Undergrad: 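My questions will all concern the structure given below.
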Amino acid sequence: IMGDSRRDGTTVDSSTAPLSSGRHGVWAGLHRHPWLVVLLLWVMTAIIDIAWLVSDRSIASWDPADHLIGSLNYWWTLTHGRWFSGDWWTGLWTLSSKYPPLLYMATTPFLVLLGRGADQSILVNLLFTAILLVSVYSLGRHLFNGFVGVWTAVICVLLPQFYTQRLQYLMDYPLTAMVVASFCCLTLWRDAKGWAAQWWGAWGFGLVFGLALLTKQTALFFLAVPIV
């Protein structure tokens, strides 16, 4: 095996040097672009979740089945919309007397594009996974640094409770994502400098917090203390 001589008399195996430098190049690239790490985490999560849904043949339990019925009701209403009818809008907002409609509305595009089914509905959790990962990364980077932000995203992917929740059609996982997103926007608004940034921060927090309430009313309980 041929090696390269150093000034101190030692040799370096030239066959492994390019491989080592290539690995260092990859890690350096990921270190310079932490958003790419977050994107890769989401892609890996999506692949694992889809593989599980394809292999899983279990029947939805009571609560997921109830929410699946709600998503079909909103799918039917939204795909047969009469957008200029006041009665239709009244019927849309009163379609569910118990739960807010954001999860069901967000599921409608998946049902339209992928077909009607439990697995297709559960795929909406990929959207909320993206919201969760971006939010925790942004919080970690803003409060500490990008390294902390990436590791918080990794922890969110590896938490067993999150893994089981995002493979069911329940409101808990979307609620978690929207609460974290609201807390992220609230933190950025608090630390904003200048009147323009303050206004944009207030607008962003109000929008995301409103979406959190449209996910589930209990979002107010998690954010009451931080808001005060």
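Given the structure is predicted, the values throughout are model-derived calculations rather than measurements.
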Undergrad: Report yes if some heavy atom in the side chain of Tyr104 is under 4.5 Å from a heavy atom in the side chain of Leu95; otherwise report no.
TA: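 The answer is no; the side chains never approach within 4.5 Å.
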Undergrad: Under 3.5 Å, is there a donor-acceptor pair linking the side chains of Tyr173 and Thr129?
TA: yes
Undergrad: Mind checking what makes side-chain contact (heavy atoms from CB on, under 4.5 Å) contact with Pro100, not counting sequence neighbours?
TA: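 Only Gln217 meet the side-chain contact (heavy atoms from CB on, under 4.5 Å) criterion with Pro100.
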Undergrad: Give the minimum heavy-atom separation between Leu223 and Ser182, together with the two atoms involved.
TA: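 Distance-wise, the nearest heavy atoms are CD1-CB, 3.4 Å.
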Undergrad: Nearest 0.5 angstrom please: Tyr74 OH to Leu103 CG, how far?
TA: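 The CG atom of Leu103 is 10.5 Å from OH of Tyr74, to the nearest 0.5 Å.
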Undergrad: Taking only residues at least two apart or on different chains, which pairs with a member in residues 43-65 satisfy salt bridge (charged side-chain N to carboxylate O under 4.0 Å, His left out)?
TA: Asp49-Arg166
Undergrad: Decide yes or no for Leu53 and Leu123: does some side-chain heavy atom of the first lie under 4.5 Å from some side-chain heavy atom of the second?
TA: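 Of all side-chain heavy-atom pairs linking Leu123 with Leu53, at least one is under 4.5 Å.
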Undergrad: Can you tell if the side chain of Phe162 reaches within under 4.5 Å of the side chain of Cys156, non-hydrogen atoms only?
TA: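 A side-chain contact under 4.5 Å exists here.
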Undergrad: According to the interplanar angle, ranging from 0 to 90°, do the rings of His80 and Trp75 count as parallel (below 30°), tilted (30 to 60°) or perpendicular (above 60°)?
TA: perpendicular
Undergrad: Which label fits Trp89 and Trp93: parallel for a plane angle under 30°, tilted from 30 to 60°, or perpendicular past 60°?
TA: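 Trp89 and Trp93: parallel rings.
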Undergrad: Please find the pair of heavy atoms, one from Ala212 and one from Ala219, that lie closest to each other, and give the distance.
TA: O-CB, 3.7 Å
Undergrad: Measuring from atom CD1 of Ile131 to atom CH2 of Trp42, what distance do you get when rounded to the nearest 0.5 angstrom?
TA: 11.5 Å
Undergrad: Ignoring hydrogens, what is the shortest heavy-atom contact between Cys184 and Ser135? Give both atom names and the distance.
TA: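 Between these two residues, the closest heavy atoms are SG-O, 3.8 Å.
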Undergrad: Sort out for me which residue in Asp66, Thr107, Asp119, Asn125 forms a side chain to side chain donor-acceptor pair (under 3.5 Å) with Tyr169.
TA: Thr107
Undergrad: With a 4.5 Å heavy-atom cut-off, do Val124 and Phe128 have their side chains touching?
TA: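 Counting from C-beta outward, Val124 and Phe128 do come under 4.5 Å.
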Undergrad: In Å and rounded to the nearest 0.5 Å, what is the CG to CZ distance from Leu68 to Arg116?
TA: 13.5 Å
Undergrad: Who passes side-chain contact (heavy atoms from CB on, under 4.5 Å) against Val225, sequence neighbours left out?
TA: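 In terms of side-chain contact (heavy atoms from CB on, under 4.5 Å), with neighbours along the sequence ignored, Val225 is linked to no residue.
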Undergrad: What are the two closest non-hydrogen atoms of Gln198 and Ala192, and how far apart are they?
TA: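 Taking Gln198 first and Ala192 second, the nearest heavy atoms are NE2-O, 2.9 Å.
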Undergrad: Please verify the inter-ring angle class for Phe205 with Phe209; under 30° counts as parallel, over 60° as perpendicular, anything in between as tilted.
TA: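 Judged by the thresholds at 30° and 60°, the geometry between Phe205 and Phe209 is parallel.
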Undergrad: Between Asp172 and Gln161, is there a side-chain heavy-atom distance shorter than 4.5 Å?
TA: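 They are not in contact (no side-chain heavy atoms under 4.5 Å apart), so the answer is no.
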Undergrad: Which pair of non-hydrogen atoms, one from Leu167 and one from Ile122, has the smallest distance, and what is that distance?
TA: O-CD1, 3.7 Å
Undergrad: Where the side chain of Thr152 meets the backbone of Val136, is there a donor-acceptor pair that is under 3.5 Å apart?
TA: yes
Undergrad: Can you tell if the side chain of Trp151 reaches within under 4.5 Å of the side chain of Val154, non-hydrogen atoms only?
TA: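 In short, these two side chains touch, coming nearer than 4.5 Å.
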Undergrad: Which heavy atom of Thr94 sits nearest a heavy atom of Thr90, and at what distance?
TA: OG1-O, 2.7 Å
